[in-house]
Amino acid sequence: MSTIELTKENFDEIVSGNDFVLIDFWAEWCGPCKQFGPVFERSSETHEDLVFAKVDTEAQPELAQALQIQSIPTVMIVRENIAVFAQPGALPEEALEDVIGQARALDMDEVRASVTEAAQGEPAEAEAEAEQGQQAQGS
C-alpha cells in the first residue's frame, strides 16, 4: 500500500477511521528523513493491512506542533486513536519491523485501561500535592 499524505484537514479522519496508523514526520531538507523514506515505503508494501502516512513538517507545522514533534524523522504509531509509540530518529528496517510487531501484539484493552487510569490519577495527584502544600503553609 502506498503512503498517504497527512494534513491538518484529513488527520482526524484518517487516524480515527483506521485501527493502526504509522506516521512518518519528515521534511524535504532532512537527510536522515530521505534515508528513512525508502525503509518506510518498503514496510508499507509488506504490511498492506496497516495505514502508512507521512506528515511534511514544513507544509504542516501546526500538525507537527500539536503532536509535539520536536525532531525529524519521527515515527509514531497510533492504534485505535491512542499513540502507542513515538520515537525520533531514522529506524533501520529491522527495528521498524520489530516496533510494528510489538505494536501489533499490544492488548489494546490493557492500553485503554492504563490510559484511563492515568487520566483519572492525574487530577487526584494534583489535588494531593495542593493539599500537602496547604498543610505545609499552615504549619
Side-chain angles (χ1 to χ4, degrees):
M1 169 183 261
S2 62
T3 59
I4 298 168
E5 190 67 33
L6 275 186
T7 65
K8 62 182 178 184
E9 290 78 21
N10 71 0
F11 182 85
D12 288 338
E13 176 187 341
I14 300 291
V15 171
S16 63
N18 294 283
D19 286 343
F20 199 122
V21 182
L22 287 94
I23 307 168
D24 173 20
F25 294 87
W26 69 283
E28 186 63 38
W29 52 263
C30 168
C33 298
K34 289 181 179 183
Q35 291 174 338
F36 180 65
V39 171
F40 195 75
E41 281 297 323
R42 281 192 299 276
S43 187
S44 76
E45 293 164 8
T46 305
H47 301 280
E48 294 187 11
D49 59 321
L50 307 180
V51 174
F52 284 71
K54 294 178 87 68
V55 174
D56 180 345
T57 58
E58 291 293 301
Q60 300 295 320
E62 301 94 347
L63 189 52
Q65 185 178 10
L67 295 168
Q68 300 176 345
I69 302 304
Q70 298 186 2
S71 63
I72 54 174
T74 289
V75 175
M76 180 180 283
I77 298 177
V78 180
R79 281 206 51 201
E80 299 176 19
N81 287 320
I82 301 171
V84 296
F85 177 84
Q87 178 177 312
L91 296 174
E93 201 154 343
E94 306 78 41
L96 180 59
E97 291 302 314
D98 183 50
V99 166
I100 291 170
Q102 289 181 49
R104 282 185 187 273
L106 288 172
D107 179 334
M108 290 309 292
D109 289 333
E110 283 183 22
V111 171
R112 278 188 292 281
S114 175
V115 168
T116 300
E117 185 179 300
Q120 291 172 345
E122 288 174 13
E125 288 173 21
E127 285 176 24
E129 287 174 13
E131 212 171 276
Q132 287 175 344
Q134 287 173 350
Q135 289 173 354
Q137 288 176 350
S139 348

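Along the sequence shown, the residues carry numbers beginning at 1. Note: hydrogens, waters and symmetry copies are ignored here, and every other heavy atom, side chains too, is used. Note that the coordinates shown come from a computational prediction; the quantities given were computed from them, not determined experimentally.
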Is the number of heavy atoms from other residues, nucleotides or ligands under 6.0 Å of Q68 CD greater than 12? no
Any donor-acceptor pair under 3.5 Å from S114 side chain to E110 backbone: no
Keeping the roles fixed (side chain from D24, backbone from F52), state whether a donor-acceptor pair exists under 3.5 Å. no
When you compare the side chain of L22 with that of H47, does any pair of heavy atoms fall below 4.5 Å? no
Donor-acceptor contact present, side-chain S44 to main-chain E41, <3.5 Å: yes
Would L96 and F36 count as a side-chain contact (heavy atoms from CB on, under 4.5 Å) here? Give the steps. CA-CA 10 Å; L96 180 59; F36 180 65; 4.1 Å; yes
Work out which heavy atom in I69 is nearest to a heavy atom in M76; give both atom names and the distance. CD1-CE, 4.2 Å
Can you find a heavy atom in the side chain of Q102 that is under 4.5 Å from one in the side chain of L106? no
Is there a side-chain contact between E5 and D56 (heavy atoms, below 4.5 Å)? yes
Check the surroundings of atom CD in E13: do more than 12 heavy atoms from other residues, nucleotides or ligands lie under 6.0 Å from it? no
Are R104 and D49 close enough, and set up right, to give a side-chain contact (heavy atoms from CB on, under 4.5 Å), and what steps lead you there? CA-CA 11 Å; R104 282 185 187 273; D49 59 321; 2.8 Å; yes
Which heavy-atom pair separates R79 from A103 by the least distance, and what is that distance? NH1-O, 2.5 Å
What are the two closest heavy atoms between N81 and S16, and how far apart are they? OD1-CA, 3.1 Å
Heavy-atom distance under 4.5 Å between the side chains of M108 and V111, does that happen here? yes
Nearest non-hydrogen partners of A90 and P32, listed with the distance: CB-O, 3.8 Å
Between CD1 of I23 and OG1 of T3, what distance do you get to the nearest 0.5 Å? 12.0 Å
Does any non-hydrogen side-chain atom of E28 lie less than 4.5 Å from one of E58? no
4.5 Å side-chain heavy-atom contact, V39 and L91: no
Nearest 0.5 Å, what's the CZ-CD distance between R112 and E117? 15.0 Å
Quick one: does E97's side chain get under 4.5 Å of S43's, heavy atoms only? yes
How many angstroms lie between atom CD1 of I82 and atom CD1 of I77, to the nearest 0.5 angstrom? 13.5 Å
F25 side, atom CZ; K54 side, atom NZ - distance, nearest 0.5 Å: 11.5 Å
Residue pairs fulfilling disulfide bond (SG atoms under 2.5 Å apart) with at least one residue in residues 16-53, sequence neighbours excluded: C30-C33
Enumerate the disulfide bond (SG atoms under 2.5 Å apart) contacts for residues 79-117, please, sequence neighbours excluded, ordered by first and then second residue. none
Side chain proximity check, I72 to W26, heavy atoms < 4.5 angstrom: no
